[in-house]
Amino acid sequence: MKSALITGITGQDGPYLAELLLGMGYNVYGVARGQSNPRLQTLQETHPDIHVLSADLIDASSLDRVIQESAPDEVYNLAAISFVQYSFAHPLLTAEVTGLGPLRLLEALRRNGGSRTRFYQASTSEMFGNAIETPQSERTAFRPRSPYGCAKVFAHHATVNYREAYSMFAVGGILFNHESPRRGIEFVTRKISYHAAGIKMGRLRNVELGNIEAQRDWGYAGDYVRAMHLMLQNDQPIDYVIGTGITHSVRDFVEAAFSCVGLHWQDHVIVRDDHKRPAEVNLLCADASRARSELKWRPTVGFEQLVEMMVTNDLRTWQTIP
Ligand code: G4F
């Protein structure tokens with residue numbers, strides 16, 4: 001039986017990936033940080049099959065421990081400070097966790113005889129930043145626009161470097177935005193679906209947003225974890241861009257979400273300049289043709305279906321809130 005170690009198990013992608021791997025017969029270890037994480041308690045109730053281990057990407061000795069304990073065939077590094085806005089307020093912490101953290105994990109693998117372990121780094125379209133071309137592929141230069149993007153570029157290059165220097169099977173999956181009902185409320189898609197549902201149910205009146213002209217290539221997280229797994233089953237360690245190739249603005253998302261609940265978004269959305277970022281990534285759109293042809297990966301959920309899935313879920317969420 002293969003075993004996999006997933007860091008960031010309490011995030012959006014961790015449980016989707018764990019479910020996929022458990023369904024394939026893997027022994028799954030999930031790494032969580034901290035002592036009283038409410039999402040961890042929920043995870044342990046809903047996914048008792050996941051062996052939860054405690055470690056922190058800023059604590060190298062804790063990484064040694066989890067690698068020794070799990071002896072993984074595959075490591076998926078999904079842990080990070082992943083909220084771009086937060087990274088502007090905490091640039092050094094972001095560099096420590098999101099940038100140096102993956103390097104500590106790669107070193108821990110080397111130190112603990114895990115150089116035959118296959119390693120997946122959650123790289124991101126944020127690395128393209130102020131992109132020099134559209135759509136963006138594996139050949140597009142990185143021009144990050146946030147402390148988060150800068151940290152991810154470092155981690156991506158470290159992953160490539162360990163592959164080249166130590167012949168490790170280490171890959172960076174350059175995933176474009178991927179969403180789901182499990183998305184954190186701080187990210188714009190879930191913020192919109194949660195508020196649209198709350199407004200429909202008479203529980204909220206408005207939603208305050210920042211730059212609604214920003215454009216993103218949004219896909220469904222459940223599709224994207226399949227790509228992570230496929231990358232580690234490949235014959236060679238190769239980095240892939242993963243996205244739908246279709247771009248929408250935040251305004252489009254707002255319009256679709258409010259129309260799902262039969263409301264006019266203009267009556268409820270307040271655009272605030274102080275919600276805008278110091279530097280913005282204006283347009284992301286994936287050219288995932290390499291993944292399509294070599295991994296045979298394809299997204300199964302389109303934009304409208306994704307919006308509807310999230311709004312429908314949040315209508316249920318509000319029913320559980322007293
Ligand atoms: O949902 P967001 O916060 O996601 P962002 O910044 O694109 O980053 C996400 O995707 C990346 C992949 O490219 C990941 F690496 C990263 O970890 C994260 O998952 O914001 C999307 C867009 C931005 O342009 C932002 O300025 O929405 C705009 N926006 C407008 N109003 C807002 C808001 N974003 C948030 N979070 N909240 C707002 O009120």
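Here the structure is a predicted model, which is why all the values come from computation and not from measurement. Every number for a ligand or one of its atoms is a count from 1 in the order of the listing. The chain is numbered in sequence order, starting from 1.
Close contacts of ligand 1 with S82, meaning ligand atoms under 4.0 Å from a residue heavy atom, involve 16 (C), 17 (O), 18 (C). Ligand-side atoms of ligand 1 in range of Y148: 14 (C), 15 (F), 16 (C), 17 (O), range being under 4.0 angstrom from any heavy atom. When each atom of ligand 1 is checked for a heavy atom of V84 under 4.0 Å away, the hits are 6 (O), 8 (O). For ligand 1 and L209, the ligand atoms under 4.0 Å from any heavy atom of the residue are 31 (N), 39 (O). Interface atoms of ligand 1 facing T124, defined by a heavy-atom separation under 4.0 Å, are 11 (C), 12 (C), 13 (O), 14 (C), 15 (F). Those atoms of ligand 1 that come under 4.0 Å of a heavy atom in A214, given as number and element, are 24 (O).
Among E186, Q12, R145, Q85, the residue whose heavy atom lies nearest to atom 37 (N) of ligand 1 is E186. With distances taken over non-hydrogen atoms, the option nearest atom 6 (O) of ligand 1 out of R277, R216, M127 is R277. Across the listed options E208, R183, R251, R183 owns the non-hydrogen atom lying nearest to atom 19 (O) of ligand 1.
Checked by distance only, ligand 1 and K191 come closer than 3.5 Å through their nitrogen or oxygen atoms. Of the polar atoms of E280, at least one N or O is found under 3.5 Å from an N or O of ligand 1, judged by distance alone. Of the N or O atoms in G210, one or more lie within a sub-3.5 Å distance of an N or O in ligand 1.
Other residues, nucleotides and ligands place no more than 12 heavy atoms under 6.0 Å from the CD atom of Q41. Atom CD of E308 is surrounded by 12 or fewer heavy atoms from other residues, nucleotides or ligands within 6.0 Å. The local environment of CZ in R145 is crowded, with over 12 non-hydrogen atoms from other residues, nucleotides or ligands closer than 6.0 Å. Atom CD of Q233 is surrounded by more than 12 heavy atoms from other residues, nucleotides or ligands within 6.0 Å.
Judged by the 6.0 Å distance and 45° axis criteria, R182 is positioned over the aromatic ring of Y16. A cation-pi arrangement is present between R110 and Y166, with the terminal nitrogen or guanidinium carbon under 6.0 Å from the aromatic centre and inside a 45° cone about the axis.
Between H51 and the options N27, I9, V28, a side chain to side chain contact (heavy atoms under 4.5 Å, CB included) holds for only N27. Residue H229 is tested with Y76, Y224, Y120, Y26 for a ring-ring contact (aromatic ring centres under 6.0 Å, His included); the sole match is Y26. When H178, R183, R216 are each tested for a side chain to side chain contact (heavy atoms under 4.5 Å, CB included) with T189, only one passes: R183.
At the shortest separation from atom 21 (C) of ligand 1 among protein heavy atoms lies V188 CG1, 3.7 Å. For atom 28 (C) of ligand 1, the closest non-hydrogen atom on the protein side is N211 O, 3.8 Å. Protein heavy atom at the shortest distance from atom 13 (O) of ligand 1 is S125 OG, 2.4 Å. Protein heavy atom nearest atom 10 (O) of ligand 1, with residue, atom name and distance: N177 ND2, 3.0 Å.
Ring geometry for H156 versus F142: interplanar angle over 60°, hence perpendicular rather than tilted (30 to 60°).
Under a 4.0 Å heavy-atom criterion, I212 is not in contact with ligand 1.
Distance check, rounded to the nearest 0.5 Å: NE2 of H275 to CD of Q85 gives 8.5 Å.
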